[in-house]
Amino acid sequence: METFIVGVLLSFLVIIAIGIIVLRDLLAAVILLGVYSLIAAGAFVVMDAVDVAFTEAAVGAGISTILYLGALRFTTDRQKPRGHDSLPALLFVVLTGALLIYGTLDMPHYGSATSPAQTHEQVAVRFLEVSGDEVGPPNIVTSVLASYRGYDTLGETVVVFAAGIAVMSLLGLRRRRPQQDISDDERAES
Amino acid sequence: MRRYPRQSHRVLQVMTRLLVPFMILFGLYVQFHGDYGPGGGFQAGVIIAAGLILYGLVFGIQRARSVCPPSWARVMMSLGVLIYAGTGAVTMLLGAHLLDYDVLAHDPLHGQHWGIFAVELGVGVTVTGVMISLFYGFSSARNSIDRKNSGLPSDVEASSTVEHPQ
């Protein structure tokens with residue numbers, strides 16, 4: 001039953017992705033991107049990865065959609081008609097996709113008892129058994145993320161910080177012009 | 001300042017007014033309840049920032065800037081990393097390894113609790129600051145306002161003010 005639900009959700013994802021490619025209305029495409037993330041979050045919940053699902057819902061369906069909407073305010077909401085589709089580009093994309101799918105072939109199956117995380121020195125079992133006495137929080141994901149792998153998370157935080165700095169140096173560090181005659185509200189009304 | 005600036009979006013504005021406090025409250029819940037349920041600093045930061053950005057989208061950037069000035073967002077970006085790395089520094093000063101929280105309190109479990117609390121707070125603060133700064137960055141790329149905060153000479157932006165020359 002679980003496989004069936006995940007299958008249905010994943011085929012929804014494919015349909016939505018095709019819809020996003022086909023659509024010329026950028027507002028609809030942005031909303032569909034949010035729906036995509038929400039359905040992906042649903043699939044993660046079915047696979048018991050609640051923290052991942054939460055992140056996907058908050059980041060993918062939440063803030064990305066809002067940031068896209070904010071960006072759309074400064075452009076049009078129609079995609080420009082493209083020229084002819086380039087055949088080499090199509091071949092390249094198909095080849096890359098095929099390589100990626102080929103790369104997943106020797107990954108362990110979902111829920112496999114013989115996956116390295118289960119067999120290699122019993123990492124998963126050890127975390128499940130000992131983390132309550134060693135670290136404490138009932139949510140073992142938090143234990144692993146903030147304590148056992150605290151150094152990795154420090155790196156991730158620095159990456160987020162660096163990304164913010166990068167975007168600000170591209171967009172945000174331009175100083176405000178002192179004489180601005182059209183405020184936001186007036187511009188929207190006009 | 002008008003209470004509801006744009007007449008055409010009255011419904012959106014009233015709903016936003018109702019929703020934003022609960023979004024921020026939920027973000028704080030996710031932040032501080034991450035030990036016990038799904039969630040943590042990253043999700044919480046995103047949710048809190050989404051609340052403020054929604055406010056900015058509906059009520060205009062200017063009012064969002066008056067709620068949370070861009071300089072605050074910039075300070076938050078670095079403050080979070082500082083909290084996280086500072087926790088690591090404190091554990092090292094107390095004689096343990098980097099980010100080994102056992103020494104933060106007399107009982108190792110309490111130490112772990114404090115350490116996780118601190119680093120999650122750091123992650124949350126950084127993510128909130130980055131997301132808000134991203135939004136301000138997008139908005140100021142074409143729509144730079146807020147004259148009263150600007151202590152700069154007036155020709156700094158002159159090269160890019162082709163739209164509305166004074």
Side-chain angles (χ1 to χ4, degrees), chain A residues 49-55 57-59 62-67 69-71 73-74 132-139 141-143 145-147 150-151 153-154 156-158 160-161 163-165 167-189, chain B residues 5-6 34-40 42-43 46-47 49-50 53-54 57 60-62 77-78 80-81 84-85 88 98-99 101 109 112-113 115-116 119-120 122-123 126-127 129-131 133-147 149-150 152 154 156-157 160-161 164 166:
Chain A
V50 191
D51 278 86
V52 183
F54 197 174
T55 313
V59 178
I63 198 118
S64 313
T65 310
I66 292 181
L67 283 177
L69 288 179
R73 287 181 65 191
F74 305 113
D133 299 327
E134 276 182 350
V135 183
N139 183 3
V141 175
T142 301
S143 300
L145 187 120
S147 186
Y151 191 62
T153 311
L154 174 61
E156 284 165 22
T157 312
V158 174
V160 171
F161 175 67
I165 296 280
V167 172
M168 278 170 58
S169 59
L170 288 172
L171 291 175
L173 284 187
R174 275 203 274 164
R175 285 298 167 185
R176 318 163 182 109
R177 53 192 113 128
Q179 301 195 322
Q180 167 77 31
D181 52 347
I182 295 190
S183 80
D184 225 39
D185 299 336
E186 288 159 345
R187 205 161 53 83
E189 281 163 5
Chain B
R6 282 181 228 152
D35 299 3
Y36 303 98
F42 196 82
Q43 293 95 326
V46 166
I47 291 171
I53 293 173
L54 179 65
L57 280 180
I61 310 291
Q62 211 167 10
M77 279 171 69
S78 20
V81 177
Y84 203 134
L98 178 76
L99 295 171
Y101 314 127
L109 274 186
Q112 291 283 345
H113 204 117
I116 291 176
V119 301
E120 292 277 9
V123 174
T126 290
V127 170
V130 167
M131 293 301 163
S133 298
L134 279 184
F135 178 62
Y136 287 156
F138 274 122
S139 57
S140 69
R142 244 188 69 179
N143 187 30
S144 320
I145 340 165
D146 209 359
R147 168 179 347 178
N149 283 347
S150 169
L152 287 163
S154 58
V156 172
E157 261 282 307
S160 62
T161 48
H164 314 292
Q166 288 289 302

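Treat the numbers as computed from the prediction; the structure is a model and nothing was measured. Numbers restart at 1 for each chain; the letters A, B, ... are given by sequence-line order, proteins then strands.
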Look at the side chain of [X] and the backbone N and O of [Y], then say whether any donor-acceptor pair between them is shorter than 3.5 Å.
| X | Y | answer |
| --- | --- | --- |
| A/D51 | B/P38 | no |
| B/Y84 | B/T126 | no |
| A/N139 | B/D35 | no |

Among the options [options], pick out the one with the most heavy-atom pairs lying under 4.5 Å from chain B.
| options | answer |
| --- | --- |
| A/V59, A/I66, A/T55, A/L154 | A/L154 |
| A/A163, A/G164, A/A58, A/S147 | A/S147 |
| A/D133, A/T142, A/V141 | A/T142 |
| A/G62, A/G136, A/P137 | A/P137 |

Query raised in the report: Of the listed residues (B/A50, B/G88, B/G129, B/G122), which shares the most heavy-atom pairs with chain A below a 4.5 Å separation?
Result: B/A50
Report task. Flag the one option from B/L54, B/I116, B/L98 with the top tally of heavy-atom pairs under 4.5 Å to chain A. Result ->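 Ranked by contacts with chain A, first place is B/I116.
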Query raised in the report: Minimum heavy-atom separation for B/F42 to B/V123, with atom names?
Result: N-CG1, 3.6 Å
Query raised in the report: What heavy-atom pair brings B/Y36 and B/H113 nearest, and what distance separates the two atoms?
Result: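 Scanning both residues completely, I find the closest heavy atoms to be OH-CE1, 3.3 Å.
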Checking heavy atoms, do the side chain of [X], its backbone, both or neither come under 4.5 Å from chain B?
| X | value |
| --- | --- |
| A/V135 | both |
| A/T153 | both |
| A/E134 | backbone |

Query - Portion of B/V119 that has a non-hydrogen atom of chain A nearer than 4.5 angstrom - result: side chain
Query raised in the report: Would B/Q43 and B/V46 count as a side-chain contact (heavy atoms from CB on, under 4.5 Å) if you check the C-alpha gap in whole Å, the side-chain angles of each, and the deciding distance to 0.1 Å?
Result: CA-CA 5 Å; B/Q43 293 95 326; B/V46 166; 5.7 Å; no
Requested in this report: Show your working on side-chain contact (heavy atoms from CB on, under 4.5 Å) between A/F54 and B/I47 and close with a plain yes or no.
Outcome: CA-CA 11 Å; A/F54 197 174; B/I47 291 171; 4.0 Å; yes
